[in-house]
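Shown next, in structure tokens, is the structure this report addresses.
Quick note on labels: first sequence line is chain A, next is B, and so on, each numbered from 1.
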There are 2 protein chains.
Amino acid sequence: MITGTVTVRSGTRARVERAMQELDFVPNLNARGLRNGRSGMIGVALPDLGTDFSASISHALLEAAHRRGLAVQVEETAAEPQREYDLVSRARTHLVDGLVLNPVRLDDSVVGRMEHLPPIVLIGEVEQHRTDRVFVNSRAATRTVTSHLIAQGARRIVALGSMSNDAGADTATVDQRLRGYLDALEAAGLPASQELQAPVPQWTIEGGAAGASLLLERGTQFDAVVAFTDTLAVGVLHALREAGIRVPEDVLVTGFDDVEHARFSSPPLTTVHFSHQEYAEAALDLLTSRIEDRTLPPRAVEIPHSLAVRESSGAAPVRGASDARGARK
Amino acid sequence: MITGTVTVRSGTRARVERAMQELDFVPNLNARGLRNGRSGMIGVALPDLGTDFSASISHALLEAAHRRGLAVQVEETAAEPQREYDLVSRARTHLVDGLVLNPVRLDDSVVGRMEHLPPIVLIGEVEQHRTDRVFVNSRAATRTVTSHLIAQGARRIVALGSMSNDAGADTATVDQRLRGYLDALEAAGLPASQELQAPVPQWTIEGGAAGASLLLERGTQFDAVVAFTDTLAVGVLHALREAGIRVPEDVLVTGFDDVEHARFSSPPLTTVHFSHQEYAEAALDLLTSRIEDRTLPPRAVEIPHSLAVRESSGAAPVRGASDARGARK
DNA sequence: CTGAAAGCGCTTACAG
DNA sequence: CTGAAAGCGCTTACAG
């Protein structure tokens, strides 16, 4: 009746609805969920909301979920990989109908070993095919951005972002981006060097700054840095500035993700652009269809990416027009 | 039995637990919630997760909630003030036991008109005393940061952050920060001018940049900008840089919140520091105690703040030590 | 000490 | 067309 599925005389309906108003009645969703076997809530698990990409994606996911009438439970996983497991099992307690998961580490990830998987969509670079997933072709994108730097004249290019310890980064992502970087070097006939593959302690601004500082302390010579995320790139810009190294005059820098800060950093950051909103929509489309029909075969959706060229890679600073490419609606 | 409250022979308990393992049993939280009248989940409502402060606070709240064994449902409210109302009423559907709300607009806010309030903690500057709340003394803090600029030699100081339309900013916050700014001008015997109170279209980086650009277009003369948030300040830095205006040589800039980007912007940003973690802990302490006992009188917790002085306000750039003050654990 | 039963608030299939 | 009853999966007070 409350859901409007039963046919009642309109007068009766009106009287009941007035009574509901007067008594300030609200339906108990626990009871409804128990009865229906659905909660109308999904879970979202991201490494660290304090990081730009996680924040932007969670914003996009919240909007997309809201549009579909879904509530969202959010969890962070960076602190302990165990939390990915907890979240997946919680899905099976019926408090969430499904889960969007950005795995921190693939090997330790739940997905490989869970027997009875709840509806789940993995976002990001993940090397498994048992669940639905949404991804950007990180390898091709990183190759593109690295080739761009080579075209700009860079010859000793640092790839920054592999993890010195394994707290916080999706190793599959690192792997793909590193491959793309190496692809570009090889295509240009440039030598790869271990010295130019710079680790970071964590995927945060501070981590990016620490990685760049370490390079400088070691006296490594380089003329460009391909940072694996925009957040890392912001840290790199900071460390270079502290050291009196100019970007792009002395060193070129690029990022990945095209978060809002990329357009507004100093200098604005050349980066890999893709629509976070589109990413979120694709994830929720997959998830809702999976919730409806669990027998569907696993699907993978690739989100297109492009290169957003800005001043940090030595592009001419086009005043007033420099944001056109990376503009988000 | 599952919760461990009943006394059973240890042998029996072991056998049952093994059976649970084998059958891969997970408790149905909907059923438990229905029975107990508690879901173990709280709601968190913030204006926009894509904004630095919201992202940082939600990160802190998620960690604090996780430590207390609480799940968190997150909602954004900036897009439509109506959502604040929806969330408060949803709390009463028993899917969340309580709510942490960072209200966008006080006047339209739910709190004033809701008859039966669920357990709720308001965070931020709010001019009402019917609910528990956590806040920073924005007025005193903004007075401090403005006085600091005056001490640095600034005379025509812009206060940037009031809303040209009312999408996205807590008007009470704007009000408090504007008062603090005026307090400082008055204390220094400087004239206040409407021309120096710069509106922004929204509380985002882009909004801050737009506000600063408008000032420049109008030809307003100024030697410092007190931005009402760090996010706005980042936009201001960008707009000034695009216009070829140097910070701090030509204009001083300050922010509010001390988000991670403040330490890493170019130049690093002088801002009002306070512990986001402490803020989150206080909010959850208030909320959990309120959930336990709804008859408690409304309480207000003030989080201490301090001035984090960095290069953007003309402080000497102390290489390597410039982050000491604003360092977060 | 242990087991059976009641009831949380819904929704839906069923009887009247 | 309408109303009463069953049952979702738990927890706890109660009877045995």
Applying the Watson-Crick and G-U criteria (both distances under 3.5 angstrom) with [ ] for crossing and | for other-strand pairs, one obtains for DNA chain C |||.||||||||.|||
Residues which pass side-chain contact (heavy atoms from CB on, under 4.5 Å) with [X], listed by chain and number, not counting sequence neighbours:
| X | value |
| --- | --- |
| B:Asp285 | B:Arg68 |
| B:Ala280 | B:Ala60, B:Leu61, B:Ala64 |
| B:Ala71 | A:Gln73, A:Arg90, B:Met41 |
| B:Arg35 | none |

Integer angstrom distance from the P of C:dG16 to that of D:dG7: 16 Å
For A:His305 and A:Asn137, which heavy atoms make the closest approach, and how far apart are they? CE1-O, 3.7 Å
Suppose we screen for ring-ring contact (aromatic ring centres under 6.0 Å, His included). Which residues come up paired with A:Tyr279, at least two apart in sequence or across chains? A:Phe274
Applying salt bridge (charged side-chain N to carboxylate O under 4.0 Å, His left out) to A:Glu80 and not counting sequence neighbours gives A:Arg83
In chain order, what residues pass the salt bridge (charged side-chain N to carboxylate O under 4.0 Å, His left out) check against B:Arg290, with sequence neighbours excluded? B:Asp132
Give each protein N/O atom lying under 3.5 Å from an N/O atom of nucleotides 6-9 of chain C, with the pair distance.
unit_1, atom_1, unit_2, atom_2, d
C:dG9, N2, A:Ala31, O, 3.3

